[in-house]
Q: 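Encoded as structure tokens, here's the structure I'll be asking about.
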Amino acid sequence: GFDSRIPGTLIEREYHTRSEGEANYLYVLERCVPVRDIREHYPLLPLDETVAIAEALGVPHAQDPDTGLYRVMTTDFLVTVLEGVTLRMRARAATPSHTLGQPGVQARLEIERRYWAHRQVDWGIVTAHDVPPVMVANVKYLRAYVAERSLRVGTSDGGTQPLSPSVIQRITTVLTPEILRGVVALNVLTEECDDRLGQAPGVSLMVARHLLGQRLWPVDFTRPIVAWDPVPLVASRLPQEEGGVQ
């Protein structure tokens with residue numbers, strides 16, 4: 001009842017999610033630094049292996065209600081992460097917490113767990129309790145401008161054109177030392193930057209959201225990122241010299 005088609009920012013393709021919980025987990029995954037790839041509703045193959053696991057457990061395997069034929073099972077997310085210099089897989093089932101006690105859900109999850117255990121792939125369950133709502137809200141606020149290609153400005157003929165790299169760099173240079181002071185509200189800083197550089201209203205805020213989404217500033221994503229407050233910073237990651245970026 002909550003099917004969504006979400007344009008990717010980490011990978012340039014459209015993601016398909018089937019619940020709000022899946023969508024929120026996807027938003028957070030895209031902004032996790034070690035994540036390199038995300039595959040949703042990844043099919044567990046071969047079918048005869050999952051059927052054998054179900055038979056060994058003495059639990060029913062997923063079936064098509066109309067034909068009675070066994071249905072290929074899927075894992076909600078198969079995530080590729082970088083650990084050191086090694087790419088590893090992480091399989092995750094995004095499941096509402098209130099369904100975890102249902103026998104059918106327990107059977108499905110145990111089949112998944114054993115399937116991935118046979119392949120020595122880390123598997124786990126993710127519920128809404130594992131996805132901080134503040135982080136989800138932050139990602140939703142920033143994701144429209146994560147990709148540099150999304151930074152566009154209006155033209156005299158009513159169209160749009162990409163914001164030039166030189167303008168992006170100038171805005172970054174002006175904003176960075178002020179952002180790292182963490183004193184003045186984001187919208188005030190960006191409005192002053194627009195005035196200083198002769199940009200149209202909103203251009204500097206657009207670039208700021210891009211830089212925040214790319215984690216180019218040491219931001220605490222567990223605290224709300226809103227335009228009317230200073231950007232929440234991670235104190236332990238602040239640079240020693242004013243104006244630098246780590």
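In this text the structure is predicted, and so the values were computed from the model without any measurement. Residues: numbered from 1 along the sequence shown.
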Q: For residues L212 and W217, report the shortest heavy-atom separation together with the two atoms involved.
A: CD2-CE3, 3.6 Å
Q: Heavy-atom count around Q120 CD within 6.0 Å, excluding the residue itself: above 12?
A: no
Q: At their closest point, which heavy atom of L233 faces which heavy atom of R223, and how far apart are they?
A: O-NH1, 3.7 Å
Q: Check this for me: R196, atom CZ, are more than 12 non-hydrogen atoms of other residues, nucleotides or ligands nearer than 6.0 Å?
A: no
Q: Return yes if a side-chain donor-acceptor contact under 3.5 Å exists between T50 and H61, otherwise no.
A: yes
Q: Side chains of E110 and V59: closer than 4.5 Å at any heavy-atom pair?
A: no
Q: Would you say Q63 and L69 make side-chain contact, with heavy atoms under 4.5 Å?
A: no
Q: Think R152 forms a cation-pi with Y145, using NZ or CZ under 6.0 Å from the six-ring centre and within 45 degrees of its axis?
A: no
Q: In terms of side-chain geometry, is the basic nitrogen of E22 or R92 positioned less than 4.0 Å from the acidic oxygen of its partner?
A: no
Q: Do other residues, nucleotides or ligands put more than 12 heavy atoms under 6.0 Å from the CD atom of E14?
A: yes
Q: Quick one: does R90's side chain get under 4.5 Å of E83's, heavy atoms only?
A: yes
Q: Do D76 and H41 make a side-chain contact, defined as non-hydrogen atoms from C-beta onward lying under 4.5 Å apart?
A: yes
Q: For the residue pair R119 and Y115, would you count it as a cation-pi contact if the rule is NZ or CZ under 6.0 angstrom from the ring centre and within 45 degrees of the ring axis?
A: yes
Q: Should M73 and I111 count as side-chain neighbours, where that means a heavy-atom distance under 4.5 Å?
A: yes
Q: Heavy atoms, side chains only, cut-off 4.5 Å: are F221 and R215 in contact?
A: yes
Q: Considering non-hydrogen atoms only, spot the tightest contact between V183 and P230 and give its length.
A: O-CG, 3.2 Å
Q: Quick check: do V126 and V131 have side-chain heavy atoms less than 4.5 Å from each other?
A: yes
Q: Are T17 and R5 close enough that a side-chain donor and a side-chain acceptor fall under 3.5 Å?
A: no
Q: Within 45° of the ring axis of Y141 and under 6.0 Å from its six-membered ring centre, is that where the NZ or CZ of R209 lies?
A: yes
